[in-house]
Amino acid sequence: MAATTRKGRDGGQPAGKKADDALHKLHSRPRTAIVLIAAGAAALLFSLALSVSFGAMDIKFRMVWEAVFHYNPDLKEHQVIQELRLPRVLGCMLVGSSFAVAGAVMQGMTRNPLADSGLIGLNSGATFAIALCLAFLPGLPYRYVVLLAFVGAALSAALVFALGSSVRGGLTPTRLVLAGVTLSALLTALSEGIALYFRIGQDLAFWFAGGVANMRWLELKVMTPWIALALAGAMGLSRSITMLSLGEEVARGLGLRSGLVKGLGLAIVVVLAGSAVSAVGAVSFVGLLVPHLARKLVGVDYRWIIPTSAVLGALLVVLADLAARTVHPPFETPIGAMISLIGVPFFIYLANKERREL
Amino acid sequence: MGAFMSESERRKRRKAWLVAAILSAAIAVVFVVSMNTGVIRLSPIDVLRTLAGGGTERQQLILFDFRLPRIVISLLIGAGLAVSGAVLQALSRNALADPGIIGINSGAGLIVLLFIAYYPAPAATPAYLLPLLAWAGGGAAAALVFLLSYRRHKGLSSNRLILNGVAVNSGFAAVTIVVSLRINPEQYQFVATWMAGSIWGKDWSYVLALLPFIAILLPYVLFKSRTLNVLNLGTPMATGLGAFVSREQVLLLAAAVGLAGSCVAVSGSIGFVGLIAPHLARRLVGQRYQALLPVTALSGALLVMAADTIAKVILQPAEIPTGIIVAAVGAPYFLYLLYRSK
């Protein structure tokens with residue numbers, strides 16, 4: 001925020017003022033954004049309640065309320081809600097906003113509409129770690145697999161960052177993107193090789209497909225503070241990200257320390273998408289398309305894109321999870337597939353609506 | 001034209017010729033090496049003698065009926081996928097575009113998966129059916145992306161092409177996940193191997209099926225390299241320079257789809273070549289498509305042929321899908337290039 005511009009804006013110095021002027025001229029719709037965020041939050045609350053009450057065992061709304069606020073461990077319904085459903089829907093919410101915000105930050109920083117958090121090697125790093133776990137350490141408890149997946153994601157992101165910035169000229173978007181996509185291809189190929197050789201491909205697919213079902217309070221407790229911190233950080237950086245999205249030259253001209261912003265932005269993406277990927281698998285669609293959706297709706301200012309993405313991402317994943325459980329009970333459709341099936345038609349409609357280009 | 005060529009321009013051209021010559025030499029070397037690797041070892045001298053018309057009947061059988069077609073196929077698909085990727089990167093003006101972006105891989109993969117999952121006796125089907133289906137699936141997906149992105153008066157917008165491609169790919173991938181979790185492990189293994197990219201069309205009939213596409217479309221794209229130079233500048237600029245942007249875009253896109261679709265039908269999704277060979281070539285010879293396209297084709301061909309040779313021997317007698325080796329070999333080299341470049 002103010003700390004990332006060379007001169008603080010409270011003093012009214014030229015650089016800060018120029019930046020503010022530039023940002024004011026952007027095509028942005030704050031009012032739409034506020035309405036969207038409020039309506040989205042309301043819809044989110046409603047779908048959380050709906051999602052908790054629906055399932056193999058139908059539970060009334062009233063019961064949900066009581067289970068949350070007057071928990072009675074003797075009631076079976078209360079147990080189901082407290083132990084299984086609540087952590088699951090809350091996990092969906094967290095994961096959805098994490099992916100969406102991480103994607104928005106990536107797209108803003110790289111100025112590439114194809115960018116998402118998978119681009120810096122997070123998904124492939126996590127997949128590779130999980131493939132190694134399944135092949136060489138079968139029977140490892142779920143929470144350790146999650147932990148190792150996060151380590152894999154963070155390591156490969158660090159490697160991409162190091163490769164991208166180790167040269168003269170520093171970290172340009174193109175170089176970051178190319179290093180990321182190449183390392184991802186390498187790790188994906190290695191995971192595929194391991195999967196084929198040890199015949200664990202389907203297990204790997206299952207692992208990724210059934211992610212949210214394994215969500216318990218323990219994972220939530222570990223993840224929540226980090227994700228909350230990173231979401232706050234993303235909001236703090238949003239002004240600088242908007243400047244970066246105007247182009248490196250413009251951002252520098254406006255007095256932005258772009259190296260610092262990119263470093264912080266990547267760290268935020270690693271925390272958000274890294275923990276989300278390791279907990280539920282690569283639900284890449286959310287990070288890729290929700291930010292486009294948000295940009296289409298609220299304009300190009302990341303101060304509004306980021307919160308809107310967070311709300312819409314959470315809403316999409318919670319609804320998709322609900323659909324995944326109810327479409328074909330008692331089987332669960334993989335949530336990643338469900339998200340795409342819900343999101344794709346909507347997205348195609350928006351992307352092709354005339355007049356406004358994305 | 002020649003009279004206005006600056007000294008630096010001339011040096012660039014010399015460098016492009018040099019790079020092309022080195023790549024061709026490397027292809028020749030790997031070709032010979034690849035000919036004498038396999039389950040049955042033949043010495044390089046045996047290989048050369050057999051190629052010249054000598055050799056025993058058994059050696060001739062091994063070389064001409066088993067190894068040569070596979071090597072020719074790997075060369076063709078390497079060149080085809082690489083050039084298709086270069087064209088798509090120019091059309092979409094996005095460094096991350098590859099043949100997969102217009103849905104070819106996901107469409108072909110889904111059709112193959114559906115066939116394996118629901119056709120009663122896949123083992124009894126004629127050999128050409130699977131590539132034909134894959135070709136149709138890839139083509140249908142690309143056509144869908146194209147129809148969504150094309151506007152009669154505005155032509156193709158690169159942004160729209162990318163976004164629709166992403167959306168269609170995600171949709172296909174979603175259906176693929178749902179179906180692939182329901183099939184049995186044996187079927188899954190087959191489909192996973194196919195999707196990882198293994199050259200499994202191994203005899204001359206596949207070469208004959210592939211050759212027309214490559215032989216017509218590759219020269220066509222090379223012929224259009226000047227147009228690609230202009231298109232790469234962006235639609236308004238290209239229109240200003242007098243290109244029939246819309247028509248050229250559509251024709252080039254069709255050529256890219258034809259190239260990639262026919263390659264994917266024979267090889268499965270070897271995704272990495274189309275993405276990285278153009279970047280590799282760009283780092284070697286620069287942006288000019290007259291030099292870029294031939295070098296892209298040569299490096300793609302070399303990459304796939306070398307990877308296929310490694311895939312044959314590394315875990316004998318089991319084979320690793322070539323696509324995996326392509327990434328495992330190509331990625332570190334490209335990272336090295338990236339690290340060294342300014």
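All values below come from the heavy atoms of this structure, side chains included, with hydrogens, waters and symmetry mates left out.
Counting heavy atoms from C-beta on, the side chains of B:L88 and B:L253 come closer than 4.5 Å. Within the 4.5 Å cutoff, no side-chain heavy atoms of A:N123 are placed close to those of A:S184.
With a 4.5 Å cut-off on non-hydrogen atoms, A:L288 touches chain B through its side chain but not through its backbone. Proximity to chain A (any heavy atom under 4.5 Å) is shown, for B:I325, by neither the backbone nor the side chain. For chain A, the nearby part of B:I276 is the side chain; its heavy atoms alone come within less than 4.5 Å. Both the backbone and the side chain of A:L196 come within contact range of chain B, judged by heavy atoms closer than 4.5 Å.
For A:S309 (side chain) and A:A104 (main-chain N/O), no donor-acceptor pair under 3.5 Å exists by modelled atom type. At distances below 3.5 Å, at least one donor-acceptor pair connects side-chain atoms of B:Q89 with backbone N or O atoms of B:L275.
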